[in-house]
Novice: 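So that we are looking at the same thing, I have put the structure below in structure tokens.
Every chain is numbered from 1 and lettered A, B, ... according to where its sequence line falls, protein lines coming before strand lines.
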Amino acid sequence: MPRSEPIKAVRGVRDILPAELPLWHAAELAATAVARRFGYEEIVTPILEHAELIERAGENTDAFAKELYRFDDRGGRALALRPEATAGVVRAYFERGLNQGPQPARLYLTGPMFRYDRPQKGRYRQFYQLDVEAIGSAAAALDVEVIELARDWLREVGLGDLRLELNTIGDSKCRPAYLERLRDYYRPLKEKLSPDSQQRLERNPLRLLDSKSEQDAPFKSSAPQITDHLCDECAAHWELVRRLLDSAEIEYTLNPYLVRGLDYYTRTVFEFFPSGAAGQQDALGGGGRYDGLAEAEGWPPTAAVGFASGLDRVTELMAATGVDVIARPPADVLVVPDGDLVVAAAEVARICRAVRSTAVDYESKSLAAKMRAANKLGAKWVVLLTPDAASRRSAQLRDMTSGEQEELEWVELPTRLA
RNA sequence: GUGGCUAUAGCUCAGUAGGCAGAGCACCAGAUUGUGGAUCUGGGUGUCGCGGGUUCAAGUCCCGCUAGCCACCCCA
């Protein structure tokens with residue numbers, strides 16, 4: 001019979017293998033430890049949400065239209081695989097009554113997110129994020145708390161050599177007027193801008209500021225800056241954020257071109273970069289205030305601030321930085337039956353498992369090959385069963401480090417292995 | 001969504017001017033009358049990504065598709 005084409009993984013997704021997982025676990029363990037230290041509790045929200053929840057906030061942006069994993073289920077409901085965690089966490093905060101408890105709700109989450117974009121290095125259609133949210137407070141101190149938490153986590157996973165970039169983008173009171181000024185500045189220059197930026201001019205002028213096109217670069221420096229046009233409340237918030245960062249001795253660089261494309265973002269925005277590289281693709285994580293999101297989802301207006309980081313990139317960088325994670329052998333003990341001693345081997349393994357992780361080599365190959373396998377596995381001991389010894393309920397216990405070997409009764413194994 | 005590069009053994013890859021499918025590693029076996037690591041010897045395990053086309057002959061040339069990598073768009 002002809003072999004059929006083997007079915008491979010879906011485009012843009014990947015498996016994380018046993019050898020890589022210690023690194024991921026180290027990253028997540030550090031996240032849990034740091035989050036708890038700051039009084040944040042874990043929450044798990046569904047991967048599936050109503051497409052509308054995701055689309056409410058940014059319906060007319062390209063990213064939503066183009067990159068949302070969206071489909072109709074069997075009942076005809078329009079669903080989406082979450083592209084980020086915040087929308088779902090905010091939904092849960094209201095829907096499940098976390099808004100009834102002490103405010104703000106301090107929450108964190110790790111899990112898979114989905115974007116239908118073209119895969120490339122460090123960018124997958126299914127990727128993983130750490131997400132931290134403080135919902136239900138407008139306190140500037142929380143902006144700094146989230147930044148400090150994020151910084152501590154990155155330090156803890158060995159990526160402490162960081163650059164923090166910081167900006168404010170105002171709020172619904174002061175931003176519209178600023179955007180008008182920005183348009184007024186750029187309109188006479190329109191013909192000289194890149195085609196992309198000409199489009200941005202009317203639709204999303206903030207984006208002009210973080211354009212990567214060299215054609216746009218000369219005009220940036222004299223463009224009006226939002227920090228000169230903040231309303232009193234936003235200016236006070238911005239002032240307090242920086243004062244708190246100073247007192248926490250957290251260094252940052254002001255980047256007036258750091259923006260967010262969506263309307264519900266307000267005031268503080270920040271991003272972490274490895275101190276070496278400056279490219280936008282190298283960001284280790286970022287976040288900011290989103291005081292307008294709850295309302296965009298149809299809930300009462302509620303202030304919140306958050307941070308998200310891509311674990312794919314963080315773990316990749318951890319590996320590159322040489323973060324050493326102890327790789328443990330899958331089993332301390334390998335039971336090696338000689339010949340047809342399957343039943344005895346299973347029983348001996350059962351005895352050993354009382355004190356040590358134990359695997360059995362059931363393959364029909366030579367003893368030398370089985371010993372090779374035991375060595376490769378990294379087993380500390382081999383329990384060798386021969387028909388003769390097995391009939392006396394005995395076995396050879398071999399210490400793979402020293403090479404010493406002695407015959408023991410099966411019942412003695414737990415004491416010797418402990 | 002756009003562009004460039006790539007796809008050959010389990011893995012990394014070589015394969016000339018179109019003419020019998022190769023190497024290293026891994027794996028299996030033996031040297032070792034069944035006891036790992038080191039060494040030596042032997043063994044190729046294959047739908048040359050998939051589908052068409054050109055040709056006496058295609059891994060090689062042409063077209064389409066799929067996938068990967070890289071960059072763009074975008075990054076909520």
Novice: Considering heavy-atom distances to RNA chain B, does A:Leu384 or A:Arg115 have its closest nucleotide positioned more toward the 5' end?
Specialist: A:Leu384
Novice: For nucleotides 28-30 of chain B, which of its nitrogen or oxygen atoms have a protein nitrogen or oxygen under 3.5 Å away, and what is each distance?
Specialist:
from	atom 1	to	atom 2	distance (Å)
B:A29	OP1	A:Ser366	N	3.1
B:A29	OP2	A:Arg372	NH2	3.4

Novice: Using a cut-off of strictly less than 4.0 Å, decide whether A:Arg14 has a side-chain nitrogen or oxygen near OP1 or OP2 of B:C69.
Specialist: no
Novice: Between A:Arg123 and B:G68, does any side-chain N or O lie under 4.0 Å from OP1 or OP2?
Specialist: no
Novice: Would you kindly compare A:Val10 and A:Thr386 by the position of their nearest RNA chain B nucleotide and give the one closer to the 5′ end?
Specialist: A:Thr386
Novice: Once each nucleotide of nucleotides 2-12 of chain B is scored for protein heavy atoms under 4.0 Å, what B/S/- sequence comes out, 5' to 3'?
Specialist: BB---------
Novice: Using whole Å, what does the distance between atom P of nucleotide B:C72 and atom CD of A:Gln120 come to?
Specialist: 7 Å
Novice: Roughly how many Å is it from CG in A:Asp117 to C1' in B:A76, rounded to a whole number?
Specialist: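 After rounding, the gap between these two atoms is 12 Å.
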Novice: Between the side chains of A:Arg416 and A:Glu409, is the shortest nitrogen-to-carboxylate-oxygen separation below 4.0 Å, so that they form an ion pair?
Specialist: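 No, this pair does not count.
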Novice: Establish whether the base of B:U35 is bridged to the side chain of A:Gln405 by a donor-acceptor pair shorter than 3.5 Å.
Specialist: yes
Novice: Give, ordered by number, those residues of residues 126-138 of chain A having at least one heavy-atom distance below 4.0 Å to an atom of RNA chain B; if nothing qualifies, reply none.
Specialist: none
Novice: Pairs counted as Watson-Crick or G-U wobble with both distances under 3.5 Å: what dot-bracket string results for RNA chain B, using | for bases tied to another strand?
Specialist: (((((((..((((.....[..))))((((((.......))))).)...(((((..]....))))))))))))....
Novice: Ignoring hydrogens, what is the shortest heavy-atom contact between A:Tyr290 and A:Gly306? Give both atom names and the distance.
Specialist: CE2-N, 3.6 Å
Novice: Taking atom C1' in both B:C40 and B:U66, what distance in whole Å separates the two?
Specialist: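 After rounding to an integer number of Å, I get 45 Å for this pair.
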Novice: Test side-chain hydrogen bond (donor to acceptor under 3.5 Å, both in side chains) on A:Arg82 and A:Thr45; report intermediate values, then the result.
Specialist: CA-CA 10 Å; A:Arg82 62 181 182 193; A:Thr45 67; 3.2 Å; yes
Novice: Quick check on B:A67: is either OP1 or OP2 less than 4.0 Å from any side-chain nitrogen or oxygen of A:Arg11?
Specialist: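 So the side-chain polar atoms of A:Arg11 do come within 4.0 Å of the phosphate oxygens OP1 or OP2 of B:A67, strictly under.
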Novice: Distance under 6.0 Å and angle within 45° of the ring axis: does A:Lys220 meet both against A:Tyr257?
Specialist: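 Checked: cation-pi criterion met.
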Novice: Does the structure place the NZ or CZ of A:Arg125 under 6.0 Å from the centre of the six-membered ring of A:Phe114, at an angle of no more than 45° from the ring's axis?
Specialist: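 That pair does not qualify as a cation-pi contact.
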Novice: May I ask you to say whether A:Glu295 pairs ionically with A:Arg56, meaning some side-chain N is under 4.0 Å from a carboxylate O?
Specialist: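 Result for this pair is no, no salt bridge flagged.
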Novice: Take atom P in B:C63 and the same atom in B:A7, then report the distance between them in whole Å.
Specialist: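 Approximately 15 Å lies between the P atom of B:C63 and that of B:A7.
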Novice: With sequence neighbours left out, write down each residue that passes ring pair (Phe, Tyr, Trp, His ring centres under 6.0 Å) with A:Tyr40, or none if nothing qualifies.
Specialist: none
Novice: Does one side chain, of A:Ser309 or A:Gln129, offer a donor that lies under 3.5 Å from an acceptor on the other?
Specialist: no
Novice: May I ask you to verify if any side-chain N or O of A:Arg207 is less than 4.0 angstrom from the OP1 or OP2 atom of B:C75?
Specialist: yes
Novice: Could you tell me if the ring centre of A:Trp24 sits under 6.0 Å from that of A:Tyr128?
Specialist: yes
Novice: Go through the structure and list residues passing ring pair (Phe, Tyr, Trp, His ring centres under 6.0 Å) with A:Tyr362, not counting sequence neighbours.
Specialist: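 Result, ring pair (Phe, Tyr, Trp, His ring centres under 6.0 Å) vs A:Tyr362: none returned.
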Novice: Which atom pair, heavy atoms only, marks the closest approach of A:Glu191 to A:Gln198?
Specialist: O-NE2, 3.8 Å
Novice: Considering only the P atoms, how many Å lie between B:G19 and B:G15, rounded to the nearest integer?
Specialist: 13 Å
